[in-house]
Amino acid sequence: QVQLVESGGGLVQAGGSLRLSCAASGRTESTYRVGWFRQTPVKEREFVAAIRWSGGSTNYADSVKGRFTISRDNAKNMVYLQMNSLKPEDTAVYYCAAQRFAAPAINLHEYNYWGQGTQVTVSS
């Protein structure tokens, strides 16, 4: 199995930047893709970005294209989400998730492992 731990959340002003980290452990060699999702008390969990563990191809939600960048460091078993030009609507709990097998990137039900989440708050 794979264990995921998110970090890097916090409070930032609109227009600012923040980098989230996802530390993966366990059988990471069986991971096909790692993604970031976010959720608020009034919005269901939604896809943000994803990256293939091997190869590094990426996917982004339309709402974050051009602002967020997902990357990974295989040697360190780390996945990052660089968030720039942050908006108040980006405020949410951000979750890191992993797929064991090839599957659509944006569907949360295709992910097998989940972290506990990290809070991101963007003030206006």
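Sorted pairs that involve residues 68-81 and meet salt bridge (Lys or Arg N to Asp or Glu O under 4.0 Å), not counting sequence neighbours, are lacking altogether. Within the structure, disulfide bond (SG atoms under 2.5 Å apart) contacts touching residues 26-67 (residues at least two apart or in different chains) do not occur. Applying the disulfide bond (SG atoms under 2.5 Å apart) test to pairs two or more places apart or on separate chains, those with a residue in residues 64-124 are Cys22-Cys96. The disulfide bond (SG atoms under 2.5 Å apart) pairs that include a residue from residues 36-87 number zero, where partners must be two or more places apart or lie in different chains. Pairs of residues two or more places apart, or lying in two chains, that qualify as side chain to side chain donor-acceptor pair (under 3.5 Å) and include a residue from residues 8-21 are Ser17-Asn84.
Note that the CZ atom of Phe68 and the OH atom of Tyr60 stand 10.5 Å from one another [nearest 0.5 Å]. With values rounded to the nearest 0.5 angstrom, Arg100 atom CZ is found 10.0 Å from Gln1 atom CD. In this structure, the separation between OG1 on Thr40 and CD on Glu46 is 8.0 Å, given to the nearest 0.5 Å. One finds the CD1 atom of Ile51 at 11.5 Å from the OH atom of Tyr80 (value rounded to the nearest 0.5 Å). Separating the CD atom in Gln82 from the CD1 atom in Ile70 is a distance of 12.0 Å, to the nearest 0.5 Å. Taking CD of Glu6 as the reference point, atom CG of Leu81 lies at 11.0 Å (rounded to 0.5 Å).
For the pair Arg38 and Tyr95, the NZ or CZ position fails the cation-pi test of under 6.0 Å to the six-membered ring centre and within 45 degrees of the ring normal.
Scanning both residues, Thr91 and Val122, for their nearest heavy atoms gives OG1-N, 2.8 Å. The two residues Ala98 and Thr31 make their nearest non-hydrogen contact at CB-CG2, 4.1 Å. Closest approach of Val2 to Arg27, counting heavy atoms only: CG2-O, 3.4 Å. Here the shortest heavy-atom pairing between Ala14 and Ser124 reads CB-CA, 4.4 Å. Shown here for Ala105 and Asn59, the closest heavy-atom pair between the two residues is CB-ND2, 3.6 Å.
Residues Leu4 and Val120 fall into different hydrophobic clusters, defined by Ile, Leu, Val, Met, Phe, Trp and Tyr side chains chained together at heavy-atom separations under 4.5 Å. Cluster membership check: Val64 shares its hydrophobic cluster with Val79, using side-chain heavy-atom separations under 4.5 Å among Ile, Leu, Val, Met, Phe, Trp and Tyr.
The hydrophobic cluster analysis finds Val5 isolated: no Ile, Leu, Val, Met, Phe, Trp or Tyr side chain comes under 4.5 Å of it, directly or through other members.
For the pair Gln119/Leu11, no side-chain contact is recorded, criterion being any heavy-atom separation below 4.5 Å from C-beta on. Side-chain contact between Tyr111 and Arg33: present, with at least one pair of heavy atoms (C-beta onward) separated by less than 4.5 Å.
Within the 3.5 Å criterion, the main-chain N or O of Trp53 finds a donor-acceptor partner in the side chain of Asn74. With hydrogens and angles disregarded, a donor-acceptor distance shorter than 3.5 Å links the side chain of Gln99 to the backbone of Pro104. A distance-only check finds no donor-acceptor pair linking the side chain of Thr28 to the backbone of Ser25 [under 3.5 Å].
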Take Asp90 and Arg67 through the test side-chain contact (heavy atoms from CB on, under 4.5 Å) and record every step on the way to the result.
-> CA-CA 11 Å; Asp90 293 318; Arg67 299 190 298 122; 2.7 Å; yes
Let me see the working for Glu44 and Leu108 under side-chain contact (heavy atoms from CB on, under 4.5 Å), right down to the final yes or no.
-> CA-CA 11 Å; Glu44 65 182 13; Leu108 64 88; over 6 Å; no
Go through the steps for Leu20 and Met83 under the test side-chain contact (heavy atoms from CB on, under 4.5 Å), then give the verdict.
-> CA-CA 8 Å; Leu20 304 183; Met83 305 184 292; 3.7 Å; yes
Worked verdict on Val34 versus Tyr113 for side-chain contact (heavy atoms from CB on, under 4.5 Å) | CA-CA 9 Å; Val34 177; Tyr113 306 103; over 6 Å; no
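Residues Arg52 and Ser57 bring a donor and an acceptor atom of their side chains to less than 3.5 Å of each other.
Aromatic pair Trp36/Phe47: centroids not less than 6.0 angstrom apart.
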